[in-house]
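Everything below concerns the one structure shown next.
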There are 2 protein chains.
Amino acid sequence: MGITDIIARFILDEISETGGCAELQRAELAQRFKCVPSQINYVISTRFAPEHGYIVESRRGGNGYIRITRLRSPAGQLVSRMIGAIGLELDQAAAEAIISAAAGAGLISKREALLLRSAVSPRALAAAPREDRARLRAGILKNMLAASAAEPPEG
Amino acid sequence: MGITDIIARFILDEISETGGCAELQRAELAQRFKCVPSQINYVISTRFAPEHGYIVESRRGGNGYIRITRLRSPAGQLVSRMIGAIGLELDQAAAEAIISAAAGAGLISKREALLLRSAVSPRALAAAPREDRARLRAGILKNMLAASAAEPPEG
DNA sequence: CTTTTTTTGGTCAGAATTGGTCAAAATACT
DNA sequence: AGTATTTTGACCAATTCTGACCAAAAAAAG
């Protein structure tokens with residue numbers, strides 16, 4: 001496991017322990033994990049972006065900080081916001097972000113997340129012309145998310 | 001025996017030793033067997049496709065990997081046979097039949113069946129040219145079924 | 001109160017590290 | 001000989017890691 005995943009794990013733990021909000025210091029983290037400070041920005045932008053269901057605030061200068069908050073809101077509202085956020089096209093990275101956010105928010109189970117992932121995977125869409133895949137991904141994911149909201153979990 | 005079979009044998013051993021899930025590095029394997037890296041892709045696509053009862057995940061970049069998981073539970077076997085039964089194309093009625101059969105056999109929950117249905121619904125596939133839809137349906141359904149066997153229900 | 005210094009975090013581009021695709025060439029099979 | 005499978009290599013794509021340079025906020029100095 002690379003340093004990115006180790007740091008992400010650490011932050012995740014921090015968020016859990018504090019009940020949803022971690023307050024970090026970039027330089028301190030970088031020193032603890034023996035990496036350059038910008039690595040922390042990389043971890044945050046790839047693992048804790050708003051598409052993943054987090055909000056990140058920060059402040060520079062003395063006593064600066066990076067605060068990462070996990071956000072949660074009523075399921076139906078969240079799903080419709082997610083569907084709204086999907087445009088006409090969706091690349092694979094964006095699809096992954098949405099799926100893991102949905103799983104993180106408890107809208108779908110881990111197993112269901114696997115299903116959604118496999119439905120929009122390159123292998124599944126191989127039969128379509130390249131130029132159609134992003135639109136297909138968008139259509140498929142929207143429909144699946146809508147279906148997931150139609151029936152309550154564990155139904 | 002060609003290099004393909006040797007590599008396949010090796011991977012098979014690896015899967016057995018680890019109890020069902022091998023995690024490989026493409027470049028390392030290629031070096032070990034003195035072949036080009038793309039040979040590994042060939043082995044995987046011809047010997048470890050979902051129709052053969054495996055699921056393959058991978059990641060590029062630093063700390064990349066190729067993970068091959070064998071479906072071996074009774075349910076996994078059934079799923080694997082279903083996947084084998086799906087050809088290159090699948091019309092909507094056949095897809096519906098397979099989904100309800102899977103639900104009837106308890107391989108997937110009612111809610112999961114909804115997800116599969118919505119993934120291969122005409123609305124979801126609207127972005128693809130008509131002539132590609134049957135192949136897409138087949139590909140999507142195969143991949144989702146394989147994923148459903150990867151993780152035990154209620155996991 | 002304004003200026004300067006110090007202390008934080010941010011951006012971005014490039015290098016490094018992985019795996020993927022595709023089609024041509026080589027080989028095996030019938 | 002003709003067809004199917006295997007092997008190879010050139011080119012592509014995604015992810016991670018690093019460092020040089022930038023920007024903001026607080027603290028210290030004047």
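Lettering follows sequence order; numbering is per chain, from 1.
For DNA chain C, the outermost nucleotides in 5' to 3' order that have an atom under 4.0 Å from a heavy atom of chain A are dT7(C) to dC22(C).
Counting only distance, with no hydrogens or angles, the side chain of Asp132(A) and the backbone of Ala128(A) share no donor-acceptor pair below 3.5 Å. With hydrogens and angles disregarded, no donor-acceptor distance shorter than 3.5 Å links the side chain of Lys142(A) to the backbone of Met82(A).
Across all strands, Gly64(B) comes closer than 4.0 Å only to sugar-phosphate atoms, never to a base (heavy-atom distances). Residue contacts for Arg67(B): at a heavy-atom cut-off of 4.0 Å it reaches no nucleic acid atom on any strand shown. Counting any heavy atom pair closer than 4.0 Å across all strands shown, Gln25(B) reaches sugar-phosphate atoms only and no base atom.
Looking only at side-chain heavy atoms (C-beta outward), Leu125(A) and Arg137(A) come within less than 4.5 Å of each other. In this structure the side chain of Ser100(A) reaches within 4.5 angstrom of the side chain of His52(A), judged on heavy atoms. Side-chain contact between Arg26(B) and Asn41(B) is present, with at least one heavy-atom pair separated by less than 4.5 Å. Between Leu90(A) and Arg135(A) there is no side-chain heavy-atom pair separated by less than 4.5 Å.
Between the CZ atom of Arg47(B) and the C1' atom of dT7(D) there is a distance of 13 Å, given to the nearest Å. Taking atom CD on Glu57(A) and atom P on dA24(D), their separation rounds to 18 Å, with Å as the unit. Nucleotide dA14(D) holds its C1' atom 13 Å from the CD atom of Glu96(A), rounded to whole Å. Rounded to an integer number of Å, the gap from Arg26(B) CZ to dG9(D) C1' is 12 Å.
Listed in residue order, the members of residues 114-139 of chain A having a heavy atom less than 4.0 Å from DNA chain C are Arg130(A). Within a heavy-atom distance below 4.0 Å of DNA chain C, the residues of residues 27-45 of chain B found are Ala27(B), Ser38(B), Asn41(B).
Residue Thr4(B) has a polar side-chain atom (N or O) positioned under 4.0 Å from OP1 or OP2 of dT7(D). Applying the 4.0 Å criterion to OP1 and OP2 of dA13(D), one finds that Arg59(B) has every side-chain N and O outside that range.
Around atom CD of Glu23(A), more than 12 heavy atoms belonging to other residues, nucleotides or ligands sit under 6.0 Å away.
Listed by first and then second residue, the salt bridge (Lys or Arg N to Asp or Glu O under 4.0 Å) pairs that reach into residues 1-21 of chain B are Asp5(B)-Arg47(B), sequence neighbours excluded. Residue pairs meeting the salt bridge (Lys or Arg N to Asp or Glu O under 4.0 Å) criterion with at least one member in residues 27-41 of chain A, sequence neighbours excluded, are Glu28(A)-Arg32(A).
Ion pairing between Arg111(A) and Glu112(B) holds under the 4.0 Å rule for side-chain N and carboxylate O.
Other residues sharing a hydrophobic cluster with Leu24(A) under the 4.5 Å side-chain heavy-atom criterion for ILVMFWY residues are Met1(A), Ile3(A), Ile6(A), Ile7(A), Phe10(A), Ile11(A), Leu12(A), Ile15(A), Leu29(A), Phe33(A), Ile40(A), Val43(A), Ile44(A), Phe48(A), Tyr54(A), Val56(A), Ile66(A), Ile68(A).
Each of Asn63(B) and Gly2(B) was assigned the nucleotide of DNA chain D with the nearest heavy atom; the assignment lying further toward the 5' end belongs to Gly2(B).
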